[in-house]
Participant: 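Encoded as structure tokens, here's the structure I'll be asking about.
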Amino acid sequence: MVSKQNINVALIGNPNVGKTSVFNQLTGLNQQVGNYPGITVEKKIGFCKLPNNIKANILDLPGTYSLNASSIDENVVIELLLNKNDKLYPDVALVVTDVENLKRNLLLFTQIKDLEIPTILVINMADRMKFKGITLDIPYLEEHLKTKIALISSRKGYGIDELKKLIVSYRTISSEPCLNASVIDPEYFNSLRKAFPNQLLYKLWLVITQDVNFLNLERNEVRSSFTKSHSDLKRLQQKETIKRYQFINDVLKVGLKIDSSVARDYRSKLDRVLTHKVWGYVIFFLILFVIFQSIFEWSKIPMDFIDASFASLSTHAAEELPAGVLTNLISQGIIPGIGGILIFIPQIAFLFMFISILEESGYMSRVVFLMDKIMRKFGLSGKSVVPLISGTACAIPAIMATRNIENWKERLITILVTPFTTCSARLPVYAIIIALVIPDNRVFGFLNMQGMTLMLLYLLGFGMAIFSAYILNKILKIKGKTYFVVEMPNYKLPLFKNVGINVIEKTKAFIFGAGKIILAISIVLWFLASYGPGEKFNNAEKIVIENTINNPLPETEFENAVASQKLENSYIGIMGKAIEPAISPLGYDWKIGIAIISSFAAREVFVGTLATIYSVGGSDNEVTIKNKMAAEINPVTGEKIFNFASGISLLLFYAFAMQCASTLAVTKKETNSWKWPAGQLIFMSGFAYVVALIAYQILK
Ligand code: GDP
């Protein structure tokens with residue numbers, strides 16, 4: 001727990017300097033991940049035991065290049081550092097830097113120093129120094145940067161204990177700025193100082209230049225008397241950056257030596273191949289291919305295991321517990337509901353394992369660089385590639401994978417369009433309907449029509465995702481930074497600890513975020529399918545016996561007939577009938593209506609539900625379901641229910657409709673608002689309805 005007695009430590013640094021690794025080293029698994037209030041930036045707090053029984057709250061702030069905010073991530077950093085009343089306001093700041101990029105990383109350091117917070121300079125990746133021929137004059141740097149330095153390697157764990165000791169003695173660390181802010185424009189800054197003698201000069205400057213919330217200073221007051229034109233401010237900011245770099249250059253000239261004869265350059269050679277106009281894409285698609293093969297292959301066993309365990313748990317509960325409503329709720333609602341959440345874990349875990357490895361190794365930045373130009377035309381970012389492709393497994397981990405897209409608009413668009421890509425849950429639905437309505441013919445002797453249809457459906461999903469991204473980009477009015485920076489980090493062997501922690505964090509976020517909502521919806525659907533008003537539901541057995549009195553059914557068929565009678569008259573059955581007028585123009589009857597409603601929890605439920613309705617036991621008995629479905633006649637028109645027109649209409653409906661409560665739950669979690677999932681539901685399902693309607697009306 002965050003405690004006032006603990007030392008508050010803020011981890012600050014540019015992206016890719018190893019901040020997360022330092023955080024993991026200090027806190028291990030003692031981490032809490034949440035969101036900053038009102039926005040979607042992740043807030044990570046961890047706890048760390050220091051020498052002498054002292055404890056620290058470690059706050060991992062989002063990676064930022066400077067305090068000149070251009071993204072919500074950077075705003076978070078500035079808001080915290082300006083607000084002394086915040087309960088996480090740091091007693092000591094750790095600015096983490098990469099020894100290979102010290103010059104650029106120190107810009108942020110000098111800005112933090114100007115806020116007069118005791119600051120420790122953490123120089124990370126010390127293990128690379130020998131390899132790159134780098135030597136540092138630590139005492140010289142400490143003196144001129146007015147700080148204490150911890151030279152560490154978070155990969156090897158060097159220097160972490162010294163860093164902990166430094167944190168404990170934070171009171172002895174200078175909080176003096178290392179460069180005088182007023183050199184930026186002496187006249188302007190002197191008048192500022194006179195007007196607000198009790199305020200920190202650099203804070204005033206940030207209040208004037210940044211669009212941040214600020215609690216204990218009247219921003220308007222400062223701004224009204226010291227406003228400058230936009231171009232003047234920009235000019236001053238540039239001057240600030242130049243002055244800072246001059247200072248940093250002077251210090252590093254003495255403090256840092258590089259013997260370039262030592263360094264070997266494999267990096268640029270590798271870069272040339274991996275970002276090549278042709279080979280770059282080939283390699284990327286090969287890697288993707290391997291990843292998806294593995295996700296499907298490796299997930300199958302644990303998924304089947306989870307499925308089977310929960311099925312037997314549910315049977316067990318039904319047998320062992322005293323018969324009654326509570327037992328039914330447990331065995332048919334809660335246990336399958338929890339199973340329905342846990343079944344996603346293998347795919348989520350494997351996907352994030354691969355993503356973390358690609359990120360950790362430095363390869364992901366090359367992919368982003370490669371894809372960015374293409375994706376940007378559609379309002380997406382190079383980083384949208386991973387979620388869009390992951391969507392073919394499941395939209396849930398895919399949407400969670402959008403977190404590293406910094407620009408909020410691009411991230412939101414990616415979240416909104418990802419569910420269009422064909423996920424694995426659509427596959428059973430597609431498979432059975434294609435088998436029913438598409439002839440098993442070959443065109444040109446080798447193209448199988450059914451296979452072609454399946455491929456077209458995949459392409460349709462992907463095309464729709466890209467197309468709607470293009471439209472959303474035009475209509476969403478969200479400002480965001482427009483420039484593109486990809487950091488090209490060095491290639492590195494991934495750190496097992498980082499990968500592991502990332503996988504655990506993502507899985508936890510899914511279970512406790514979206515999981516709750518999925519469970520609630522499963523329980524509601526269970527209730528709707530297990531209860532019904534009136535005689536027809538309550539006396540289902542009697543009715544079936546009476547109807548078949550002359551021709552008694554064998555036991556399983558009898559049970560199926562009762563289940564079918566019950567389902568028809570349950571609340572969900574009544575709902576299916578109620579929506580019949582709305583779906584009959586699409587070519588569906590009320591039975592398909594029930595399947596559509598119940599498959600809202602998860603698409604693959606569609607086949608199982610139809611199996612129950614058509615009184616066939618066991619959803620995996622496909623031949624029987626298929627034959628039953630194929631024989632089903634519409635009593636009004638006298639035609640087959642599953643004909644070419646209604647089949648195509650259903651395929652299109654499932655391709656576009658937002659038939660997945662879990663995805664909505666994840667969208668809610670990731671966007672922090674019900675507005676976006678509601679929009680997804682209305683637009684996707686509305687669009688699906690219209691397309692299915694048009695298709696049926698043309699084809700019938
Ligand atoms: P962040 O973006 O600042 O949070 O950085 P990460 O902690 O994700 O690390 C970026 C990359 O640097 C990853 O590939 C890490 O494995 C790697 N890394 C982190 N610390 C060290 C280190 O001390 N030495 C080396 N060689 N690599 C490191």
Side-chain angles (χ1 to χ4, degrees), residues 9-28 31 33 41-46 58-66 71 73-74 76-77 93-102 104-109 112 121-134 136 149-163 263-264 266-267 270 274 352-368 383 401 403-406 485-506:
V9 180
L11 277 177
I12 307 171
N14 293 15
N16 280 311
V17 293
K19 215 159 48 61
T20 311
S21 315
V22 175
F23 182 69
N24 289 343
Q25 279 286 359
L26 289 174
T27 63
Q31 302 184 358
V33 183
V41 177
E42 209 165 71
K43 179 181 196 172
K44 288 208 288 191
I45 301 176
I58 315 271
L59 176 65
D60 187 15
L61 285 162
T64 162
Y65 290 98
S66 71
S71 72
D73 283 7
E74 288 170 343
V76 165
V77 178
L94 307 191
V95 176
V96 184
T97 55
D98 168 1
V99 70
E100 288 184 62
N101 289 307
L102 208 48
R104 200 187 37 183
N105 295 168
L106 282 176
L107 178 76
L108 180 66
F109 171 82
I112 304 285
L121 176 61
V122 180
I123 303 182
N124 190 23
M125 316 230 183
D127 54 305
R128 308 267 307 163
M129 289 170 67
K130 208 163 131 203
F131 180 63
K132 287 278 171 174
I134 299 175
L136 295 174
I149 292 178
L151 183 62
I152 69 163
S153 160
S154 54
R155 165 175 295 252
K156 311 251 167 180
Y158 301 157
I160 300 292
D161 289 339
E162 285 72 23
L163 174 61
R264 277 169 285 160
Y266 64 96
R267 171 184 159 155
L270 209 52
L274 294 181
F352 280 101
M353 187 188 82
F354 285 117
I355 292 183
S356 319
I357 291 176
L358 293 188
E359 261 168 7
E360 280 269 311
S361 63
Y363 177 63
M364 196 64 104
S365 314
R366 275 76 188 177
V367 174
V368 169
K383 296 186 180 172
R403 286 210 186 145
N404 67 345
I405 303 176
E406 292 91 4
V485 217
V486 257
E487 183 82 8
M488 288 285 192
N490 284 319
Y491 294 102
K492 296 187 181 88
L493 273 182
L495 272 178
F496 179 70
K497 191 167 180 175
N498 286 359
V499 175
I501 287 182
N502 193 16
V503 168
I504 292 172
E505 280 304 333
K506 287 289 180 335

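Remember, it's 1-based here, ligands and their atoms both numbered in the order they're listed.
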Participant: Which atoms of ligand 1 have any heavy atom of Ser21 under 4.0 Å away?
Facilitator: 6 (P), 7 (O), 9 (O), 19 (C), 20 (N)
Participant: If we only count N/O pairs under 3.5 Å, is Ser361 in contact with ligand 1?
Facilitator: no
Participant: Give the minimum heavy-atom separation between Leu107 and Ser66, together with the two atoms involved.
Facilitator: CD2-CB, 4.2 Å
Participant: At a 4.0 Å threshold, what atoms of ligand 1 neighbour a non-hydrogen atom of Ser153?
Facilitator: 22 (C), 23 (O)
Participant: Is it true that a side-chain atom of Glu360 and a backbone atom of Leu495 form a donor plus acceptor pair closer than 3.5 Å?
Facilitator: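 Answer holds: yes.
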Participant: Relative to atom 16 (O) of ligand 1, which among Lys156, Lys19, Glu360 owns the nearest non-hydrogen atom?
Facilitator: Glu360
Participant: Any side-chain donor-acceptor pair under 3.5 Å between Asp127 and Ser153?
Facilitator: yes
Participant: Considering only protein heavy atoms, which is closest to atom 18 (N) of ligand 1, and at what distance to one decimal place?
Facilitator: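 So the nearest neighbour among protein heavy atoms is Met125 CE, 3.8 Å.
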Participant: Quick check: do Asn14 and Asn101 have side-chain heavy atoms less than 4.5 Å from each other?
Facilitator: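 SC-SC contact between Asn14 and Asn101 ruled out.
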Participant: How far is atom 4 (O) of ligand 1 from its nearest protein heavy atom, and which residue and atom name does that atom have?
Facilitator: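 Result for atom 4 (O) of ligand 1: Thr20 OG1, 2.3 Å.
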Participant: For atom 23 (O) of ligand 1, which protein heavy atom lies nearest, and how many Å away is it?
Facilitator: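 It is Ser154 N, 2.9 Å.
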Participant: Among all protein heavy atoms in this structure, tell me which lies nearest to atom 17 (C) of ligand 1, with the distance rounded to 0.1 Å.
Facilitator: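 Protein heavy atom at minimum distance: Lys492 CD, 3.4 Å.
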Participant: With a heavy-atom distance limit of 4.0 Å, tell me whether Asp127 approaches ligand 1 through its side chain, its backbone, both, or neither.
Facilitator: side chain
Participant: Measure the shortest side-chain to side-chain distance between Lys132 and Glu100 over non-hydrogen atoms and say whether it is less than 4.5 angstrom.
Facilitator: yes
Participant: Looking only at N/O atoms, are Gly18 and ligand 1 under 3.5 Å apart anywhere?
Facilitator: yes
Participant: Where the side chain of Lys19 meets the backbone of Leu61, is there a donor-acceptor pair that is under 3.5 Å apart?
Facilitator: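 Pair found, side chain donor or acceptor close to backbone of Leu61.
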Participant: Could I get the full list of side chain to side chain donor-acceptor pair (under 3.5 Å) partners for Asn124, not counting sequence neighbours?
Facilitator: Ser154
Participant: May I have the step-by-step check of side chain to side chain donor-acceptor pair (under 3.5 Å) for Asn502 and Ser356, ending in yes or no?
Facilitator: CA-CA 7 Å; Asn502 193 16; Ser356 319; 2.8 Å; yes
Participant: Can you sort out which atoms of ligand 1 are near Leu495, meaning under 4.0 Å from one of its heavy atoms?
Facilitator: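 Near Leu495, meaning under 4.0 Å from one of its heavy atoms, ligand 1 has 16 (O).
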Participant: Can you tell me the protein heavy atom closest to atom 2 (O) of ligand 1 and the distance?
Facilitator: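 Heavy-atom neighbour on the protein nearest atom 2 (O) of ligand 1: Asn16 N, 2.8 Å.
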Participant: State, yes or no, whether a side-chain contact exists between Leu274 and Tyr491 at a heavy-atom distance under 4.5 Å.
Facilitator: yes
Participant: Taking N or O atoms only and a 3.5 Å limit, does Val17 qualify as a polar contact for ligand 1?
Facilitator: yes
Participant: In the structure I gave you, are the side-chain heavy atoms of Gln25 and Ile152 within less than 4.5 Å of one another anywhere?
Facilitator: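 A side-chain contact under 4.5 Å is absent here.
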Participant: Side chain, backbone, both or neither: which applies to Arg155 and ligand 1 if a contact is any heavy-atom pair less than 4.0 Å apart?
Facilitator: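 Both the backbone and the side chain of Arg155 come within reach of ligand 1.
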Participant: Pairing donors with acceptors under 3.5 angstrom, does anything connect the side chains of Asn16 and Asp98?
Facilitator: no
Participant: For Glu359, is at least one N or O under 3.5 Å away from an N or O on ligand 1?
Facilitator: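 No; the residue has no nitrogen or oxygen that sits under 3.5 Å from a nitrogen or oxygen of the ligand.
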Participant: Where on Asn124 is there a heavy atom closer than 4.0 Å to ligand 1, on the side chain, on the backbone, on both, or on neither?
Facilitator: side chain
Participant: Near Arg128, which atoms of ligand 1 are under 4.0 Å from a heavy atom of that residue?
Facilitator: 26 (N)
